[in-house]
Number of protein chains: 2
Amino acid sequence: MILEEIGRTRGHPSASDVYEKVRRRLPHISLGTVYRNLEVLSSQGLISRLDMGSGQRRFDAVTDDHHHIRCLVCNRVDDIRPSANAGIDSIKRDAEKIAGYEVKGFSVDLYGICPRCRSGNTEKVIRDDSRKNNILRK
Amino acid sequence: MILEEIGRTRGHPSASDVYEKVRRRLPHISLGTVYRNLEVLSSQGLISRLDMGSGQRRFDAVTDDHHHIRCLVCNRVDDIRPSANAGIDSIKRDAEKIAGYEVKGFSVDLYGICPRCRSGNTEKVIRDDSRKNNILRK
DNA sequence: GTAATTGCAAAAATTTTGCAGCATT
DNA sequence: AATGCTGCAAAATTTTTGCAATTAC
């Protein structure tokens with residue numbers, strides 16, 4: 001059910017976003033269980049974890065190769081499906097040759113200002129919807 | 001002095017790593033001050049923040065374009081200086097055209113197993129040195 | 001009946017912040 | 001004197017975990 005709810009979301013929910021969503025169907029579920037299952041799902045590759053520095057980890061049901069961009073103002077995260085994946089392979093090779101790593105995965109994250117925030121919506125949303133103090137910072 | 005200490009480190013210290021380092025020279029400095037200054041420094045572009053999901057944010061004194069790779073076992077973070085930066089520009093363009101973002105920055109992060117951990121050193125270091133329980137997880 | 005999973009609560013870990021005092025100009 | 005920074009401590013936030021109870025097989 002956790003997997004279902006993540007899949008149903010277009011966005012990139014945090015653990016507590018997932019908790020809120022699932023709780024509508026399983027009112028007695030606990031946050032600990034959500035965390036434990038997110039861990040299992042991501043270690044099985046059924047979801048992926050995003051760490052883009054908005055304060056919380058995000059989760060993504062779409063696990064095929066694509067990139068992410070986070071709005072520096074409102075913290076929303078969107079997908080980028082690149083027309084060509086060029087370049088990454090050469091970076092991987094560099095990591096293997098130069099640093100001696102066995103590369104297991106990668107992520108390409110961009111930061112910027114989303115269209116919504118560029119056009120006047122200048123409220124600074126620091127955290128996601130699950131936080132208590134949401135719209136703040138001047 | 002915080003900036004100096006980050007610059008002196010080859011690695012990618014966390015806030016509390018920085019705190020420990022600076023404390024050797026300013027024994028009375030507080031962790032809050034370290035956080036506040038890391039924030040200032042990074043907002044001025046003098047250092048950069050890394051969010052690679054090892055549990056803590058890392059900081060990097062080297063702010064020119066390069067990529068990072070984190071060892072999934074020991075959590076060390078190394079630099080990758082790609083021979084060519086190919087591909088990123090096209091991803092940026094995609095973000096701007098498709099998602100309508102104004103792109104401010106990007107990061108390319110890889111994950112894998114570092115040489116040290118590949119060759120026998122199989123201790124699982126979950127957190128960095130500043131944590132209390134460092135070597136754990138089975 | 002055994003093993004796995006859960007809820008609950010507490011702990012742990014990281015980051016932020018209020019405030020009084022110290023420093024700087 | 002006014003402003004800004006700091007130390008300290010507490011709070012806020014996110015994530016993990018111990019354990020008894022429940023559920024699944």
Side-chain angles (χ1 to χ4, degrees), chain A residues 1-3 5-6 12-44 46-59 70 75 77 124-138, chain B residues 1-3 5-6 12-44 46-59 70 75 77 124-138:
Chain A
M1 212 172 282
I2 288 172
L3 182 55
E5 286 297 334
I6 298 177
H12 302 81
S14 65
S16 70
D17 291 338
V18 173
Y19 175 56
E20 292 304 330
K21 283 178 202 303
V22 174
R23 207 149 65 118
R24 293 203 282 265
R25 294 167 65 186
L26 292 175
H28 51 293
I29 197 174
S30 76
L31 187 55
T33 299
V34 171
Y35 271 101
R36 276 182 289 229
N37 281 284
L38 289 173
E39 173 59 28
V40 171
L41 290 169
S42 79
S43 75
Q44 292 179 347
L46 295 171
I47 61 176
S48 60
R49 296 163 42 148
L50 310 182
D51 294 277
M52 298 188 64
S54 59
Q56 308 144 295
R57 192 164 290 158
R58 308 292 192 92
F59 296 89
R70 173 168 66 88
N75 274 329
V77 174
K124 270 216 173 187
V125 179
I126 298 299
R127 308 297 187 190
D128 79 320
D129 294 339
S130 61
R131 286 222 188 172
K132 282 169 194 163
N133 301 321
N134 206 351
I135 298 171
L136 43 131
R137 199 75 107 195
K138 272 163 216 143
Chain B
M1 209 170 283
I2 288 172
L3 181 55
E5 286 297 334
I6 299 177
H12 302 82
S14 66
S16 71
D17 291 337
V18 174
Y19 174 56
E20 292 304 329
K21 282 178 204 304
V22 175
R23 206 147 67 117
R24 293 203 281 266
R25 292 167 66 186
L26 291 175
H28 51 293
I29 198 174
S30 76
L31 187 55
T33 299
V34 171
Y35 271 102
R36 275 181 291 228
N37 282 285
L38 289 172
E39 173 60 29
V40 171
L41 290 170
S42 79
S43 75
Q44 292 180 348
L46 295 172
I47 61 176
S48 60
R49 297 163 39 148
L50 309 182
D51 294 277
M52 299 188 65
S54 59
Q56 308 142 295
R57 192 165 291 159
R58 307 293 192 92
F59 297 89
R70 172 168 66 89
N75 274 329
V77 175
K124 272 214 170 188
V125 179
I126 299 300
R127 308 297 187 191
D128 80 320
D129 293 339
S130 61
R131 285 221 190 174
K132 283 170 196 162
N133 301 322
N134 204 353
I135 298 171
L136 42 131
R137 200 75 108 194
K138 270 160 217 143

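Please read these numbers as outputs of a predicted model, since none were measured by experiment. So you know, we letter chains A, B, ... as the sequences are listed, proteins then strands, and number each from 1.
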Legend entry - Spacing of B:Gln56 atom CD relative to D:dT16 atom P, expressed in whole Å: 12 Å
Inset, instruction - Check the pair B:Arg25 / B:Glu5 against salt bridge (Lys or Arg N to Asp or Glu O under 4.0 Å), numbers first and verdict last. - result: CA-CA 10 Å; B:Arg25 292 167 66 186; B:Glu5 286 297 334; 2.8 Å; yes
Under 3.5 Å between N/O atoms: give me all the protein pairs with nucleotides 21-25 of chain D, atom names plus distance.
none

Legend entry - Value rounded to 0.5 Å, distance of CZ in A:Arg57 from CG in B:Asp51: 11.0 Å
Legend entry - Where B:Val34 and B:Ile2 come nearest, the two heavy atoms and their spacing: CA-CD1, 3.9 Å
Inset, instruction - Find the distance B:Tyr19:OH to C:dT14:P and express it as a whole number of Å. - result: 14 Å
Legend entry - A:Arg49 CZ - D:dT14 C1' separation (whole Å): 12 Å
Inset, instruction - Would you tell me if any nitrogen or oxygen in the side chain of B:Tyr35 comes within less than 4.0 Å of OP1 or OP2 on C:dT16? - result: no
Legend entry - Interatomic distance, B:Arg58 atom CZ to B:Ile6 atom CD1 [nearest 0.5 angstrom]: 12.5 Å
Inset, instruction - With rounding to the nearest 0.5 Å, note down the distance linking CG in A:Asn37 to CD in A:Gln44. - result: 9.5 Å
Inset, instruction - To the nearest 0.5 Å, tell me how far A:Asn75 CG sits from A:Ser54 OG. - result: 5.0 Å
Inset, instruction - Check B:Ser16 against B:Leu31 and note the closest heavy-atom contact, atom names and distance. - result: CA-CD1, 4.4 Å
Legend entry - B:Arg57 CZ to C:dA13 P, straight-line distance once rounded to whole Å: 18 Å
Legend entry - Qualifying residues under side-chain hydrogen bond (donor to acceptor under 3.5 Å, both in side chains), relative to B:Thr33, sequence neighbours excluded: B:Ser30
Inset, instruction - Starting at atom CD of A:Glu20, determine the distance to atom P of D:dT13, rounded to an integer number of angstrom. - result: 14 Å
Legend entry - Pair B:Arg23 + B:Glu20, salt bridge at N-O below 4.0 Å: yes
Legend entry - Residue pairs, two or more places apart or on separate chains, that pass ring-ring contact (aromatic ring centres under 6.0 Å, His included) and touch residues 13-40 of chain B: none
Legend entry - A:Ile2 CD1 to C:dT5 C1', straight-line distance once rounded to whole Å: 11 Å
Legend entry - Terminal axes of the helix from C:dG1-D:dC25 to C:dT25-D:dA1 (five pairs each): angle between them, nearest 10 degrees: 20°
Legend entry - Reported CG-to-CD1 distance for the pair A:Leu41 and A:Ile47, which is rounded to 0.5 angstrom: 4.5 Å
Inset, instruction - Give the B/S/- string for nucleotides 5-11 of chain D, one per nucleotide from 5' to 3', where a protein heavy atom under 4.0 Å of the base yields B, of only the sugar-phosphate yields S, and otherwise -. - result: -SBB---
Inset, instruction - Take the protein atom CE of B:Met52 and the nucleotide atom C1' of C:dT14, then report the distance between them rounded to whole Å. - result: 18 Å
Please list, for nucleotides 21-25 of chain C, all pairs of protein and nucleotide N/O atoms separated by less than 3.5 Å.
none

Legend entry - Note, B:Phe59 side chain near B:His12 side chain (heavy atom, < 4.5 Å): no
Legend entry - Minimum heavy-atom distance A:Gly53-A:Arg70, with the two atoms named: O-NH2, 3.8 Å
